[in-house]
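Heads up, the thing below is written out as structure tokens.
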Amino acid sequence: MFENLKEQPADKILALMQAYREDDREQKIDLGVGVYKDASGNTPIMRAIKAAEKQLWEAETTKAYTGLAGDPGFADAMVKLVLGDAVPRETVAAAATPGGTGAVRQAFDLIRMANPKARVFVSDPTWPNHLSILKHMGIEFTSYRYFDNETRSVDFAGMIADLHQVMPGDVVLLHGCCHNPTGANLNIPQWKAVIELLLEREAVPMIDIAYQGFGDGLDADAEGVRMVVEKMPEVLIAASCSKNFGIYRERTGLLMAVSKDAGQRKLNQDSLNYLNRQNFSFPPDHGARLVTMVLTDEELRADWAAELEEVRNSMLGLREQLASELQRLSGSDRFGFLAQHRGMFSRLGATPEQVETLRRDHGIYMVGDSRLNIAGLNKTSVPILAEAIVKSGI
């Protein structure tokens, strides 16, 4: 049987991480891996998470399974965090998943089960794993224009033109905030225009929100998502806790299925439970339990929100420093987009050859499409990166 297996394409980011580890140069910068790092290069455990873990260790009395959809308290807390008061809770079916990736996978499975003929429209570019999972599952997908490589901003005219090809029942995958890999987000008028188009085309929005709190703040980052659920009859939302709670390895996510028809919720919930059972049975609970504790304890939540703001402002400061340094060195405003983008990522607009030059000549590692992780920088490394970018002719 094993002789029939075929070599699978290597994950480019994992290969980049390996190359970085094997580079013995003292001065090297890792801007590839998609995790938050502090000024010392460490991915810290947030204070509130550490406190919650201590409380949990002392109070937990069992490691028995939770329900197929996970602990209901986790779903309640996360629905409130992401959706606020945009829709009544009884319209939302929800199931815990192994990370945001698990939520994305389960959403695609639900789409395939509900409408095998549905096409999924995906932004160009998008998080590569979106495409990898869709391809692996055999779900038809097509791309819509999203990023303008010249202006380094959203190509909204191209996006709207391409979304006019959407047919009733098709799914449009949107990034809730902090678009990965570009860092370029829709503004509120653009969200409204997308909603109007989706209503007109009778399409279903699916929103991947993995970075709430990393852009303009917890509520501001969820504003587009909340507008969508207020207006659209059906919405799928895949939420991740990896970044904003710093619990990457705990694999904590939630899939939400929102329907204006409250009577539809039971069928939606049963379907999510069924899919969990077929895939991994019961979802992991440790990370979900910690998130629930943080979000429902006034003191823990206040400390978590304060630290999340520190993280967000740190990345904004690095963006502004890099844009300013590049302006000084290049005498041009062409890198001003870096200060306008949000979240961990931005796309420089460099060619693969220029990205290779950065790696070979300067020990700077980023993905071949020139996506760089702003959180991989610190105040000392920003001038080094800026000088290398200018010297490489980007």
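Residue numbers run from 1 in the order of the sequence given.
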Nearest 0.5 Å, please: how far is [atom2] in [Y] from [atom1] in [X]?
| X | Y | atom1 | atom2 | answer |
| --- | --- | --- | --- | --- |
| M227 | I195 | CE | CD1 | 4.0 Å |
| T182 | F345 | OG1 | CZ | 11.0 Å |
| M344 | L318 | CE | CG | 12.5 Å |
| T351 | N149 | OG1 | CG | 11.0 Å |
| T252 | M78 | OG1 | CE | 9.0 Å |
| S281 | N276 | OG | CG | 8.5 Å |

Does the gap between the ring centers of F121 and Y144 come in under 6.0 Å?
no
Does the side chain of V311 come within less than 4.5 Å of F214's, by heavy atoms?
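Yes, their side chains come closer than 4.5 Å.
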Kindly indicate whether the side chain of Q212, heavy atoms from C-beta on, has any atom under 4.5 Å from the side chain of L218.
yes
Check this for me: does any side-chain nitrogen of one of [X] and [Y] sit under 4.0 Å from a carboxylate oxygen of the other?
| X | Y | value |
| --- | --- | --- |
| E53 | K50 | no |
| K28 | D23 | no |
| K54 | E58 | no |
| D219 | R226 | yes |
| D285 | K63 | no |
| R301 | E298 | no |
| E356 | R359 | yes |
| R47 | D303 | yes |
| K80 | D76 | no |

L295 and L300: same hydrophobic cluster, using ILVMFWY side-chain contacts below 4.5 Å?
no
M159 and F141: same hydrophobic cluster, using ILVMFWY side-chain contacts below 4.5 Å?
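No, no single cluster joins them.
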Check salt bridge (charged side-chain N to carboxylate O under 4.0 Å, His left out) between R249 and all other residues, then give those that pass, not counting sequence neighbours.
none
Distance-only donor-acceptor hits, side chain of residues 127-139, under 3.5 Å, sequence neighbours excluded:
residue: H130; atom: ND1; partner: T126; partner atom: OG1; Å: 2.8
residue: H130; atom: NE2; partner: D208; partner atom: OD2; Å: 2.7

If you take all heavy atoms of [X] and [Y], which pair is closest and at what distance?
| X | Y | answer |
| --- | --- | --- |
| A288 | F74 | O-CD1, 3.5 Å |
| V229 | V258 | CG1-CG2, 4.2 Å |
| T151 | F337 | O-CB, 4.4 Å |

Qualifying residue, where the test is side chain to side chain contact (heavy atoms under 4.5 Å, CB included) with P205 and the options are K231, E234, M232:
M232
Go through the side-chain N and O atoms of [X] and [Y] and say whether any donor and acceptor fall under 3.5 Å apart.
| X | Y | answer |
| --- | --- | --- |
| N180 | R371 | yes |
| S271 | N268 | no |
| T97 | R251 | no |
| H362 | Q27 | no |
| Q18 | E22 | yes |
| S259 | D261 | no |

Whether over 12 other heavy atoms sit under 6.0 Å from [X] [atom1]:
| X | atom1 | answer |
| --- | --- | --- |
| N42 | CG | yes |
| L199 | CG | yes |
| M167 | CE | no |

Under the ring-ring contact (aromatic ring centres under 6.0 Å, His included) criterion, do Y146 and H179 qualify, and how do the steps go?
CA-CA 10 Å; Y146 185 83; H179 186 273; 4.2 Å; yes
Set out, in order, the CA-CA distance, both residues' side-chain angles and the distance that settles side chain to side chain contact (heavy atoms under 4.5 Å, CB included) for N279 and Y274, then state yes or no.
CA-CA 9 Å; N279 195 339; Y274 171 82; over 6 Å; no
